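One structure is given below, encoded as structure tokens.
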Amino acid sequence: MLRGGPVLRRWMVDAGIALAVLVAAEIAIATGNEDGSVDRDWFAYLLGVAMAVPLLLRRRYPTVVLYAVSAVLLLFYALNYPGFPPALVLAVPLYDAARAGRLWWAVPVPVFFLAVGAVVLIVHREMPPLELLAAFLPQAATLAVAVLLAALMRSRAAYTAAVRYRLDQAERERELEARRLVTEERLRIARDLHDTVGHAIATITVQSAAALRLLDAEPERAREALVSIRGTGKAALAEMRATLGQLRSDGRPGSAGPDLRGRGQAERDAGLHRLPELLAAVQAAGLPVELNSELSGERLPAPLDEVAYRIVQESLTNVLRHAGAAARAEVLLRAVPDSLWVEVRDDGVGAGAGGTPSGGRGLTGMRERAEALSGRFEAGPRPSGGFQVRAILPRIAPERMPTARETLEGGAR
């Protein structure tokens, strides 16, 4: 019923228009009075019906309807019945044809009737020019208004369609942008998990190996190693729960994606304020680390703080894995007015902070983090031996770095 409603309304409108034209045409035929014309008969009234009936198909075949009505009107005039103004029956089909975009097919019809009518009145009845103008001006104005109104309605329909198209395009772009932001956020969470799990496993592996060596000879030191392993595992599990909690929020009531709780919590949990804890865990695993920091203790912007910490964490993890048992590491943090320099060096014999040359994600993940802040990242062997990682990160104010949640909400607005 809902689908048939608009169709029924259109048919009712078309039937009403056809009926109005029929009544007007029959009245004009009945009241027509023209010198030299033949008397009206039943066929004249039948031709009036034939001029109105095609209007029932005005929406589907506008040009055909216009020419059909014109042909019947021309026959009416040819039979010399008392004439009436052509605009009476031509205005509606002319409007329909012009609105359907058939303007160049429609305009010749009124031009033909007005021109022929003018010639007949001038030649056969010798009508003065002023009287001719007075007789034809209302007809020409009526037909011109029909054409202009059709052009206006067609332009309005085109504008409405263009606006609707732009709104649909904007909605699709917002959806694509939201998906892109969600994908980026999940990649960030995947990098966090990689750093957390990789660091914990590397530390636990080294500490467990040390505990096995010391188990019989120095049980107290073996016990310390096991306690350190337990602490490393608990810290890694807590950080994993906090990171995975962002993914679990997706799909809950009121959730808008994996960043529902915002990056703020993860940024507070992962930052340079945890550097002493990280260095202690690494040193407990048997890697001597020296820290040289020029930071005065001020709080860095949260994204910068997190990225700097993750680069140090991943670099030390790779030193533990690949630099060898006798390696030493050095962490340098240098602050300049517009950037933060993060360097991790080692003097090991393996791949060191760079990770293995077999396709590990260590260097790639650190480079992605630095470039996400429009920073620079370099890594490679040192001339004196070992490996070095360096990241130059711009010190951007926090208000200039919106979270993914803020960006999503701004796009939705």
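We count residues from 1, following the sequence as given. Here the structure is a predicted model, which is why all the values come from computation and not from measurement.
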>> Once salt bridge (Lys or Arg N to Asp or Glu O under 4.0 Å) is applied, what residue pairs with a partner in residues 52-74 remain, sequence neighbours excluded?
In response: D14-R58, D14-R59, R58-D96
> Which heavy atom of V72 sits nearest a heavy atom of A50, and at what distance?
Replying inline: CG1-CB, 3.9 Å
> Side chains of L47 and L79: closer than 4.5 Å at any heavy-atom pair?
Replying inline: yes
> Can you tell me if S155 uses its side chain to pair, donor with acceptor, with the backbone of A151 under 3.5 Å?
Replying inline: no
> Between R334 and W341, is there a donor-acceptor pair closer than 3.5 Å when you use the side chain of the first and the backbone of the second?
Replying inline: no
> Under the side-chain contact (heavy atoms from CB on, under 4.5 Å) criterion, do E173 and L176 qualify, and how do the steps go?
Replying inline: CA-CA 5 Å; E173 289 175 2; L176 291 175; 5.5 Å; no
> How far apart are the C-alpha atoms of L333 and L275, what are their side-chain angles, what is the distance that settles it, and do they pass the side-chain contact (heavy atoms from CB on, under 4.5 Å) test?
Replying inline: CA-CA 11 Å; L333 301 175; L275 199 53; 3.7 Å; yes
>> Restricting to non-hydrogen atoms, name the atom on A106 and the atom on A97 that form the minimum distance, rounded to 0.1 Å.
In response: CB-CB, 3.8 Å
> Under 4.0 Å between a Lys/Arg side-chain N and an Asp/Glu carboxylate O for E177 and R180?
Replying inline: yes
> If you take all heavy atoms of L88 and V21, which pair is closest and at what distance?
Replying inline: O-CG1, 4.4 Å
>> Between the side chains of E175 and R172, is the shortest nitrogen-to-carboxylate-oxygen separation below 4.0 Å, so that they form an ion pair?
In response: no
>> Measuring from atom CG of L148 to atom OH of Y95, what distance do you get when rounded to the nearest 0.5 angstrom?
In response: 12.0 Å
>> Taking atom OH as the centre, does Y45 end up with more than 12 heavy-atom neighbours from other residues, nucleotides or ligands that are less than 6.0 angstrom away?
In response: yes
> Does D347 reach the main-chain N or O of G386 with its side chain, forming a donor-acceptor pair under 3.5 Å?
Replying inline: no
>> Quick check for you: to the nearest 0.5 Å, what is the distance between Q169 atom CD and R174 atom CZ?
In response: 11.5 Å
> For E343, which residues count as a side chain to side chain donor-acceptor pair (under 3.5 Å) partner, sequence neighbours excluded?
Replying inline: R345, R390
> What heavy-atom pair brings L304 and L373 nearest, and what distance separates the two atoms?
Replying inline: CA-CD1, 3.8 Å
>> Run the side chain to side chain donor-acceptor pair (under 3.5 Å) test against Y81 and tell me which residues pass, sequence neighbours left out.
In response: D41
> Do we see a donor-acceptor contact under 3.5 Å between the side chains of R310 and Q313?
Replying inline: yes
> Are side-chain heavy atoms of V49 and E26 found at a separation under 4.5 Å?
Replying inline: yes
>> Tell me if a side-chain donor or acceptor on Y77 pairs with a main-chain N or O of P82 at a distance below 3.5 Å.
In response: no
>> Would you compute the distance between atom CD1 of I17 and atom CE of M12 and round it to the nearest 0.5 angstrom?
In response: 12.5 Å
> Okay, side chain of R102, backbone of A100: is any donor-acceptor separation there less than 3.5 Å?
Replying inline: yes
> So L90 and S70, side-chain contact (heavy atoms from CB on, under 4.5 Å) or not? Walk me through it.
Replying inline: CA-CA 7 Å; L90 291 181; S70 302; 3.6 Å; yes
> Which atoms form the tightest heavy-atom contact between M366 and S315, and what is the distance?
Replying inline: SD-OG, 3.3 Å
> Do you know which two heavy atoms are closest between V65 and P54, and how far apart they sit?
Replying inline: CG2-O, 3.2 Å
> Can V342 and V389 be said to form a side-chain contact (heavy atoms from CB on, under 4.5 Å), step by step?
Replying inline: CA-CA 8 Å; V342 180; V389 166; over 6 Å; no
